[in-house]
Protein chains: 2
Amino acid sequence: MTEASEHDGATPERGAAVPGQDGHGGGTGDAGVGTRTRSGTGAGAGAGTGAGDGAEAEAGTGAGDAGAWAERSGAARPGRAAAPPVPRVRLVDVAREAGLSKTTVSAALNGTGRLSPEVREKARDTARRMGYRPNATARQLRAGRARLIGYVVGELADTPWTFLESPYFARLTGATAATALARGYAVVLLPAGSLQSEWAALPLDAVVVADPVADDRIVEDLLAARIPVFSDRSVEGRPGAHWVDVDATAVVGQTLDHFHAQGARRPVLVVPDSTTRFHREVDAAHRAWCAAHGLPVLSVRAAEPGNGPVIQAVETALGVGPDRPDALLVVAEASPPLVLDAARRIGYDVPGDLLLACVSEDETAVHTEPPVTTLSLRPDAVAEAGIAHLVAVLEQGLRETGGALVPVRLDVRASSVRRG
Amino acid sequence: MTEASEHDGATPERGAAVPGQDGHGGGTGDAGVGTRTRSGTGAGAGAGTGAGDGAEAEAGTGAGDAGAWAERSGAARPGRAAAPPVPRVRLVDVAREAGLSKTTVSAALNGTGRLSPEVREKARDTARRMGYRPNATARQLRAGRARLIGYVVGELADTPWTFLESPYFARLTGATAATALARGYAVVLLPAGSLQSEWAALPLDAVVVADPVADDRIVEDLLAARIPVFSDRSVEGRPGAHWVDVDATAVVGQTLDHFHAQGARRPVLVVPDSTTRFHREVDAAHRAWCAAHGLPVLSVRAAEPGNGPVIQAVETALGVGPDRPDALLVVAEASPPLVLDAARRIGYDVPGDLLLACVSEDETAVHTEPPVTTLSLRPDAVAEAGIAHLVAVLEQGLRETGGALVPVRLDVRASSVRRG
DNA sequence: ATGAAAGCGCTAACAT
DNA sequence: ATGTTAGCGCTTTCAT
């Protein structure tokens, strides 16, 4: 079967899509063009080529307007609401129009092969004039991968999209998408606790699983489907799974050391009741730190990560017993201004009789009075390290599942510095 | 070329991927299998089929474990770090293994065609046992579309990913992804102010453009590429562009009416200096409302949408002249607790001598003392209406570009209710 | 009821 | 230097 006859039978309309035809006569009769091409195959091809040559000079006027033909074509069919959508221009259409082969045009457009400058230019020009855009799916099929990565968080599976409302995940999500895109990968958003059915139809090269919870099946499902997984340290050792993580022990250590240096002897910890590795490690690190310093283990668990439950836990933490705490570390995404207000309502002066620090990426912390000390988990760094690793695995065939620990950053502000 | 010979030359390794082989002997010599299949073509195919039949009984134990073979296969090659990745199981592999044709297996798996129950079951069972997963890209190519939609916001193009940190966009993004996914479309995140180069390689069926700014090229570029655009009302009338929007006039009207009913006569507006349709309309509606009520037009523009600039604008707004305002409407994504604190620092009692309302999706508003009145722009409703429209356009070929106006919702809380 | 073959649009060996 | 051809993996007429 020749290229020319590909248009017969299966897709008789295609001839009408040849750009030169609309560009040629302008108002010479849209219906006439359609009729002509529908009847004679060879004639359609011939007319298209001829018209294209004529239109070439005209197209020279606007260099960058790849959409010129498309717009013209659309404008030529104003009232036709029920008309079938114009078929897209394919490589073969450009090739025929330019009087070249698919190979040549492909090489010209991709900058591959050895072509004479004139031919390359002719191919490119024709493609531009016709508004040709390569079919991404066909390229992907050919390439064997889609350069698409999934992004899913483990926490908050009962409210599958609220993770975006947490400053930490918002940042992590953005940074992941940004870094990936810079490497040529697009990110698709999946709901927390995604099921097979939600990603099975997607050509995912890999999936990033942020903070998986202890009992979710996501990681296993993905690995069973032989999709590389990039997650936190909890996946360490699983074949096909890779990790990057923050140093949870350092989170606790750095902050409590800082409190201690300021004279605090009764620091209290507020942490959500979560089964992510991070929260479990924070808890363990806290106990260890207190034991090592001979201080009481004061902590309150928030029922959930939201502002409401965390503020409530803060109130509980600050109200305990006759011996009130003298420092508060909130390891949960709560709004710093709200935490500060809560402490005040209970009667604390910050930092007078309570040092305050929050693990948070929320920029409101710098706008309170006093500004609130925060500990950043460096979502941008996590994303960068993760995507770098991902690219290495996908493109250099890296097999090692070793991961990386990203250091956290303590931003000391007035809320945790004893005055005087 | 027969099906059997497809494995020759091009992909000599494939024979080794037949599941039965790994399941068969366990430690009988992994290298031997590789060598065997690499040398003899006919032998490889034959061995694979035979081994598969043997493994069939074994696989009957676990019904739902689609990944059983995959895991077994991986476990069988523990030390081989440099081994080429195991090729994926294709439809033809399943067909050969089951002794059926591609057609039959495809029909069996998709529930199409008329097949005998036994054959259908056999095909399905074999596919499951082999861990077959259809190649999404091939399906997309066949189907002519990828069920993939892009999502990009217009605002904040200088910091292309911070939009996720705004509660409104976080919600809109999540709701868009959720609604789309429920309809079978996945959402890819694009940076604010995306260029052609960032989405050109993606098989996007459509793109959602949230709040385009006046001068950005995104919408034009997409339309020129004949990609359907779903955006706000600012794209009204453009062929190929569809819209859903919030009623910006109602935002101002409802809130100022509410203030007015509470006795406020000097309401002041804080709005960011942005060229989105929403902000421009808010500004216009404000002037109109003030004129209609014979009240002075008090407003302050924040340089940018962030917390810092908006709080600064609030301070300016509340400090103006000898006649202090008696109500404040913040139409910008600022943290309600911060706005409240700012008002207090300047010396206002809320709601005693200042009524306060914020256009915000930030849930911290309910946790302040007093809770802050908010006006929700209903991102969930916007997303739902938008995606519903998108699906209608993409799947029912809807051509009308008419859009929909989503009503806003005023949540009156103590911050805007005069006491007594 | 089942299978053979065409072809979605593209790229890359392999001619010429 | 340019063209011909064979697939990527799947679904779908159309025969049988």
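We name chains A, B, ... by the order of the sequence lines, and we start the count at 1 in each one. Everything numeric here is computed off the predicted structure, so don't read it as measured data.
- In the helix from C:dA1-D:dT16 to C:dT16-D:dA1, the rotation axis of the first five pairs and that of the last five pairs differ in direction by 50°, rounded to 10 degrees.
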| request: Please step through side chain to side chain donor-acceptor pair (under 3.5 Å) for the pair A:Ser106 and A:Thr103, ending with a clear verdict. | output: CA-CA 5 Å; A:Ser106 173; A:Thr103 310; over 6 Å; no
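- Partners of B:Ala392 under the side-chain contact (heavy atoms from CB on, under 4.5 Å) rule, at least two apart in sequence or in another chain, are B:Gln396, B:Leu398.
- When the P atom of C:dA4 is taken as reference, atom CG of B:Leu100 falls 11 Å away, rounded to whole Å.
- Here the C1' atom of nucleotide C:dG9 and the CZ atom of A:Arg88 are 10 Å apart, to the nearest Å.
- For the pair A:Gln140 CD and C:dC10 P, the computed distance is 13 Å after rounding to whole Å.
- Contact annotation for B:Leu141: base contact, defined as any heavy-atom pair under 4.0 Å involving a base atom.
- In terms of position along DNA chain D, the nucleotide closest to A:Arg120 lies nearer the 5' end than the nucleotide closest to the other residue of the pair B:Ala107 and A:Arg120.
- A search for salt bridge (Lys or Arg N to Asp or Glu O under 4.0 Å) contacts involving A:Asp205 returns nothing, not counting sequence neighbours.
- For the salt bridge (Lys or Arg N to Asp or Glu O under 4.0 Å) test, residues two or more places apart in sequence or in another chain that qualify with A:Arg147 are A:Glu395.
- B:Asn135 has its CG atom 18 Å from the P atom of C:dC8, to the nearest Å.
- Residues that satisfy the side-chain contact (heavy atoms from CB on, under 4.5 Å) test with B:Arg120, not counting sequence neighbours, are B:Ala108, B:Leu115, B:Arg124.
- Applying the side-chain contact (heavy atoms from CB on, under 4.5 Å) rule to A:Arg139 yields the partners A:Asn110, A:Pro134; only residues at least two apart in sequence or on another chain are considered.
- The two residues B:Leu148 and B:Pro203 have their closest heavy-atom pair at CB-O, 3.8 Å.
- The separation between A:Arg96 atom CZ and C:dG9 atom C1' is 13 Å, rounded to whole Å.
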| request: Could you run through nucleotides 11-16 of chain C and give me one letter per nucleotide, 5' to 3': B if any protein heavy atom sits under 4.0 Å from the base, S if only the sugar-phosphate is that close, - if neither? | output: BBB---
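- The side-chain contact (heavy atoms from CB on, under 4.5 Å) test applied to A:Pro191 returns A:Pro160, A:Trp161, A:Ser194, A:Glu198, B:Leu181, not counting sequence neighbours.
- For D:dT2, neither phosphate oxygen OP1 nor OP2 lies less than 4.0 angstrom from any side-chain nitrogen or oxygen of A:Thr104.
- Applying the side-chain hydrogen bond (donor to acceptor under 3.5 Å, both in side chains) test to A:Asp221 and every residue at least two apart in sequence or in another chain returns A:Arg217.
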